[in-house]
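Please read these numbers as outputs of a predicted model, since none were measured by experiment.
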Amino acid sequence: MSYTPSEIEAKWQKQWEEEQAFEPSDSHTHPKKYILSMFPFPSGRLHMGHVRNYAIGDALARYYRKQQFNVLHPIGWDAFGMPAENAAIKHGRHPKDWTYSNIDYMRKELNTLGLSFSKTREFATCDPLYTKHEQKFIIEMFEKGLLYRESTTVNWCESCHTVLANEQVEEGCCWRCDNPVELKEMPGYYLDIIRYADELLEDLAQLEGKWPSQVITMQRNWIGKSQGLAFDFELTEESKAKFGGKFDRYEVFTTRPDTIYGVTYSALAPEHPITKYLVEHNLLEDEVAQKIKAIANMSEVERAKQDKEGYPLGISVIHPLTGEQIPVWTANFVLASYGGGAVMAVPAHDERDFEFATTYNLPIKRVIEGGEALPYTGNGTLIDSGRFSCVENDEAKTAIINYMEEEGKGKGTTNYKLRNWGVSRQRYWGAPIPFVHCEDCGLVPEKFENLPVALPDDVEITGEGNPLENHPTWKQCKCPKCGGEALRETDTLDTFVQSSWYQFRYATNPKKWEEVGIDKADADYWLGVDQYIGGIEHAILHLLYARFFTKVLRDLGYHDVDEPFERLLTQGMVLKDGAKMSKSKGNTVDPDALVAKYGADTARLFILFAAPPQKELEWNDSAVDGAFRFIKKLYDRKSKVAGSTLPDIDHSALGKESKLARVKVYEALQKSTEVYEKSFAFNTLIAACMEALNALDKQDDGDVWTEGMYIMLNLLEPIIPHVATELSETLFARENFGGKIEVKEEVFVQESILYVVMIGGKKRTQIEVDPSASEEEILALAKEAGQKWLQGMQIVKEIVVPNKLVNLAVKPS
RNA sequence: GCCUCGGUGGUGGAACUGGUAGACACGUCAGACUCAAAAUCUGAUGGGCUUUGCCCGUGCCGGUUCGAUUCCGGCCCGAGGUACCA
């Protein structure tokens, strides 16, 4: 019978479904593996990136299940978000309806791929039951002071009509729609991720070697910890007078306290309170005030593109160490959002300060020796630095901080680039932020027993404004505290909040889902995720937020896990014609069509064979044919199998070709452990199996065939589960799936060993050597075989690499 | 600019801690089967040459070594991240 994937795949998918074959055991004592591919957004259809993601995860889940581990391999839906609302605007469909029907369709698509997901743990993050527990966490975070509401300057995307977190701004544009982001002052909810910045940074060390190094580096840079000195510049008496007592000093931060004697001016952000005061109280020339306002209206990205620009503010400060008067400027390169929006400027040793000083003819004072030209930002000895002259600048950093602290003039301080996570979105299709605004009580969390604060179904989604805000009655409510009239918060949570804790939700036994968000015993047993698989685009966003949430939930007592994802694999993109597959480019390959034509096994085999999982994968239609051919051939060779169990084979009695076939089979077996547990180079394992099958084909020993198929089907089951299970069932009653198969070392023992003979570093010939031969004997054989290249040569060195080669270094005699 | 990763045949990619570069597959070419085609099978396939064999060859230049795709130094190119963070 020839290979008919449609029949075989339907048969096994049905059987797995009936057997509930992939449900984890409730036991907490059995060794476990938690294999997780990032859950999909229910966009409507699966794409090849999904297929790749789940093929990798499924291979690992199936491998560990076969090694008798208790395996959790769940799937769910990251179901809130803008596209659902966009669909509502475009096609008039309700986001809920759009989302859940997409889920139904995509679930079917996943089923046809034969993925071994737990069915009982599936959920969508828009399920009210999920929202209920999430809202409880949010309230608990509020009570711990981790969540707060504040009005500040935010990133605003006009096209999405919502606020964006810092992490969601890419090169000044919205991560979702690519519109330029504007700055806007408005109230919002923030999670104090900076409180965890140090732990998030330090714990990266335990992920070393288990996460891709570039992801670790990206997170480290994003957190951006820097240590330095914070100190106050006191205004001169004359300057103080201008502010009517409102300001007499301001704080600056520097990572280069060693250059403090080189300060020749100070610069404030246009948004700095002092700058603002001067502008608003008409203490500057009209023209200057206008220019400052113009800068303030520019986004940070726009400013970065401009030349250095600034204006003197007509005030001065006193240098804390020299007592000199220092002029104060406002400048477009000083960021309001970092280090207090004020800097000390040292043009001699800072590129920006230098550029600015050159533009405006401000003095430049060198205080560190080294380099010829200024600015010089390297190390060296301090000069012209009072009591610190002649000190190396590295030492001077701490010495100056210590001195400033002793004198009560400043203190050592840590700053982070990381900003607190703004989690409120002015959108409908999200989890409502469970707070109420009461005139008497202020901001009040909803009572736990009233959760979830559910979304109203009857909304009008037009794309104009926030549908919850516009709803006629939804926001009218009673204050949970005083019972008076109050207004419900209409902002919803960022969707990244849902994906920050879903790994704990899967781990929680579904029987407890109603009652608890996370079950502690379940979480402590299953987490961290042993292998997490997903796209590198989440290197900062999702992976940082999920790490943060894990630590917060730990501190709220929900579990004892420090890091959610023990090991991380970032898969490469699927490309066609050198570009990322996308509808707009018209270069997509539809997974459904592929499965219909070749079957799921071929799709999975091709995807894992075409490239190592970390790399980009270039689509190739004829290589898909090749994958199909291999499966067909494998299926066809079932007729060669002579027995129904692993045979005992007398290796020495076999012919040369059969011996070689066994070597190839056992080499593949040996390789499999490393591939499934460490390198994930499925392409090399598949290649090893192809070599084994090619070698088996060159001989005709029934037992060798039996052994070969027995082993190969075991190795390939995680990759091509349907056909491997079908063949194993008919040939071996699936006995070959019973556990780890032992490597028979005697197969690798050779009667003679091939040595390459190199002369002068070049491969010349080869010799067959008895395994028991001594080094002298090997060398003698090599010299004899290489005689013609040794003519007129003198051997200067002899190297024998055991079981590999002989190298004779020569020179003309 | 800075950080990270990468650069191997016509293509995707192999090569363990330095030890026969190009496994496996795709493509191409030739052949077998066929009236023909498809499917299948067999063989060849890094480049060059004066082809029993020799020379060159893993982005470029240099170094260490008996021996370098692998280690070191300098450069070129590509991808990703980040971007006035004081």
Side-chain angles (χ1 to χ4, degrees), chain A residues 2 170-172 212-222 224-226 228-229 252-256 259 266-267 300-301 303-306 308 331-335 337-346 349-353 355-356 415-419 536-537 539-540 570 572-573 606 609-612 614-627 629-630 632-633 636 671 674 679 681 683-694 697 754-766 788 795-810:
Chain A
S2 67
E170 294 172 349
E171 289 177 17
S213 59
Q214 57 167 328
V215 175
I216 294 176
T217 312
M218 279 162 71
Q219 290 215 354
R220 201 167 271 144
N221 292 342
W222 189 263
K225 181 178 182 170
S226 55
L229 169 73
V252 296
F253 172 74
T254 179
T255 54
R256 293 296 305 272
T259 64
S266 170
E300 286 188 3
V301 183
R303 285 184 221 180
K305 288 179 194 148
Q306 309 287 315
K308 296 277 177 292
N332 65 346
F333 69 91
V334 181
L335 300 176
S337 49
Y338 184 83
V343 298
M344 67 174 211
V346 185
H349 305 292
D350 181 281
E351 280 170 26
R352 294 151 304 179
D353 298 346
E355 201 183 324
F356 191 82
N415 256 308
Y416 301 93
K417 288 186 198 176
L418 184 70
R419 312 284 159 81
I536 191 144
E537 65 272 20
I540 296 171
T570 48
M573 284 191 303
F606 167 73
F609 181 56
Q614 298 87 341
K615 273 192 77 163
E616 291 182 333
L617 184 155
E618 177 67 34
W619 197 263
N620 180 337
D621 286 325
S622 48
V624 176
D625 273 324
R629 270 202 294 274
F630 171 72
K632 255 197 313 197
K633 187 166 155 185
D636 177 66
K671 188 162 206 95
E674 189 224 319
S679 73
N683 54 329
T684 63
L685 175 62
I686 294 164
C689 288
M690 288 173 169
E691 281 188 68
L693 190 59
N694 291 344
D697 250 342
L754 203 65
Y755 274 77
V756 166
V757 178
M758 297 174 81
I759 291 163
K762 283 181 177 150
K763 181 192 162 192
R764 290 305 183 191
T765 183
Q766 38 195 359
K788 77 185 248 205
I795 299 176
V796 288
K797 196 161 183 181
E798 298 169 340
I799 292 110
V800 178
V801 182
N803 301 323
K804 287 253 159 71
L805 56 80
V806 176
N807 191 5
L808 303 173
V810 291

Problem set entry | Contact under 4.0 Å: A/Lys762 side-chain N or O vs B/C56 OP1/OP2 | yes
Exercise. Which comes earlier along RNA chain B counting from the 5' end, the contact point of A/Ala627 or that of A/Ser337, where each point is its nearest nucleotide?
Worked result: A/Ala627
For this session: In whole angstrom, give me the gap between the C1' atoms of B/C77 and B/C84.
Result: 28 Å
Exercise. Contact class for A/Gly626 vs. all strands (heavy atom < 4.0 Å): base, sugar-phosphate, or nothing?
Worked result: sugar-phosphate
Problem set entry | Interatomic distance at P, B/U58 relative to B/G7, whole Å | 13 Å
Exercise. Is there a side-chain contact between A/Phe606 and A/Leu617, using heavy atoms and a 4.5 Å cut-off?
Worked result: yes
For this session: For B/C85, take OP1 and OP2 only and decide whether either is under 4.0 Å from a side-chain N or O of A/Tyr416.
Result: no
Problem set entry | Separation between the C1' atoms of B/G57 and B/G9, rounded to whole Å | 10 Å
Exercise. With both distances under 3.5 angstrom, what nucleotide forms a Watson-Crick or G-U wobble pair with B/A30?
Worked result: B/U42
Exercise. How would you label the contact of A/Phe609 with the nucleic acid (heavy atoms, under 4.0 Å): base, sugar-phosphate, or nothing?
Worked result: base
Exercise. For B/C85, does either OP1 or OP2 sit under 4.0 Å from a side-chain N or O belonging to A/Thr255?
Worked result: no
Exercise. Who is the Watson-Crick or G-U wobble partner of B/C75, with both distances under 3.5 Å?
Worked result: B/G59
For this session: May I have the step-by-step check of side chain to side chain contact (heavy atoms under 4.5 Å, CB included) for A/Leu693 and A/Lys633, ending in yes or no?
Result: CA-CA 9 Å; A/Leu693 190 59; A/Lys633 187 166 155 185; 4.0 Å; yes
Exercise. Would you say a side-chain N or O of A/Asn221 is under 4.0 Å from OP1 or OP2 of B/A83?
Worked result: no
Seminar exercise, completed: Any strand, both distances under 3.5 Å, Watson-Crick or G-U wobble: B/G1 pairs with B/U82
Exercise. Is the cationic atom of A/Lys308 (NZ for Lys, CZ for Arg) positioned less than 6.0 Å from the six-membered ring centroid of A/Phe356 and within 45 degrees of its normal?
Worked result: no
For this session: Check whether any side-chain heavy atom of A/Thr217 sits under 4.5 Å from a side-chain heavy atom of A/Asn221, and report yes or no.
Result: yes
Exercise. Just wondering, more than 12 heavy atoms not from A/Gln306 lying within 6.0 Å of its CD?
Worked result: yes
Exercise. Counting any heavy atom closer than 4.0 Å, what does A/Glu616 reach on the DNA or RNA strands: base, sugar-phosphate only, or nothing?
Worked result: sugar-phosphate
Problem set entry | Derivation and outcome, side chain to side chain donor-acceptor pair (under 3.5 Å), residues A/Ser337 and A/Glu300 | CA-CA 10 Å; A/Ser337 49; A/Glu300 286 188 3; 3.0 Å; yes
Exercise. Given the C1' atoms of B/G1 and B/A14, what is the spacing between them in whole Å?
Worked result: 37 Å
For this session: Rounded to whole angstrom, note down the P distance from B/C3 over to B/A83.
Result: 16 Å
Problem set entry | Short side-chain N/O contact from A/Lys615 to OP1 or OP2 of B/G13, under 4.0 Å | yes
For this session: Would you mind telling me which of B/C66, B/U20, B/A25 lies closest to the side-chain atoms of A/Asn694?
Result: B/A25
Exercise. How far does the P atom of B/C56 sit from the matching atom of B/A21, given to the nearest Å?
Worked result: 13 Å
Seminar exercise, completed: Across every strand shown, the nucleotide meeting Watson-Crick or G-U wobble geometry with B/A37 (both distances under 3.5 Å) is none
For this session: Report yes if a side-chain nitrogen or oxygen of A/Asn683 is closer than 4.0 Å to either non-bridging phosphate oxygen (OP1 or OP2) of B/A14; otherwise report no.
Result: yes
Exercise. Is A/Tyr755 close to A/Asn803 at the side-chain level, that is, under 4.5 Å between some pair of heavy atoms?
Worked result: yes
For this session: Starting from the C-alpha separation in whole Å, work towards a yes-or-no answer on side chain to side chain contact (heavy atoms under 4.5 Å, CB included) for A/Leu335 and A/Arg303.
Result: CA-CA 10 Å; A/Leu335 300 176; A/Arg303 285 184 221 180; 5.8 Å; no
Exercise. Using a cut-off of less than 4.0 Å, is there contact between a side-chain N or O of A/Arg629 and OP1 or OP2 of B/C26?
Worked result: yes
Exercise. Taking the side chain of A/Lys804 as heavy atoms from C-beta outward, which of B/A25, B/C16, B/U20 is closest to it?
Worked result: B/C16
For this session: Give a yes or no on whether a donor-acceptor pair under 3.5 Å exists between the nucleobase atoms of B/C54, that is its base, and the side chain of A/Arg764.
Result: no
Problem set entry | B/G22, syn or anti by chi within 90 degrees of zero | anti
For this session: Searching all strands shown, indicate the nucleotide that pairs with B/C54 (Watson-Crick or G-U wobble; both distances under 3.5 Å).
Result: B/G48
Exercise. Contact class for A/Asn415 vs. all strands (heavy atom < 4.0 Å): base, sugar-phosphate, or nothing?
Worked result: nothing
For this session: For nucleotides B/U64 and B/G73, find the distance between their P atoms and express it as a whole number of Å.
Result: 15 Å
Exercise. Can a donor-acceptor pair under 3.5 Å be found between the side-chain atoms of A/Arg256 and the base atoms of B/A86?
Worked result: no
Problem set entry | Per A/Val343 side chain, nearest of listed nucleotides B/A86, B/A14, B/C24 | B/A86
Problem set entry | A/Lys788 side chain reached by A/Thr765 side chain, heavy atoms, under 4.5 Å | no
For this session: Go ahead and name the base partner of B/G12; Watson-Crick or wobble counts if both distances stay under 3.5 Å, otherwise write none.
Result: B/C24
For this session: Just call it for A/Pro212: base, sugar-phosphate, or nothing, with non-hydrogen atoms closer than 4.0 Å on any strand.
Result: nothing
Seminar exercise, completed: Closest of B/G81, B/G27, B/C85 to the A/Ile540 side chain is B/G81
Problem set entry | Phosphate OP1/OP2 of B/C66: any A/Lys797 side-chain N/O under 4.0 Å | yes
For this session: Using a 4.0 Å heavy-atom cut-off across all strands, classify A/Ala610 as base, sugar-phosphate, or nothing.
Result: sugar-phosphate
Exercise. Hey, does A/Asn807 reach any base, or is it just sugar-phosphate, or nothing, if we go heavy atoms under 4.0 Å?
Worked result: base
Seminar exercise, completed: Testing B/A86, B/A83, B/C5 for proximity to the side chain of A/Thr254, the answer is B/A86
Exercise. When all nucleic acid strands are considered with a 4.0 Å heavy-atom cut-off, which category describes A/Ala687: base, sugar-phosphate, or nothing?
Worked result: base
Seminar exercise, completed: Pairing partner of B/G19, by Watson-Crick or G-U wobble and under 3.5 Å for both distances, is B/C66
Exercise. Taking the nucleotide of RNA chain B with the closest heavy atom to each, which residue, A/Thr217 or A/Asn332, is nearer the 5' end?
Worked result: A/Thr217
Problem set entry | B/G59 versus B/U70 - spacing of their C1' atoms, nearest Å | 16 Å
Exercise. Looking for any heavy atom pair under 4.0 Å, which part of the strands does A/Val334 touch: base, sugar-phosphate only, or nothing?
Worked result: base
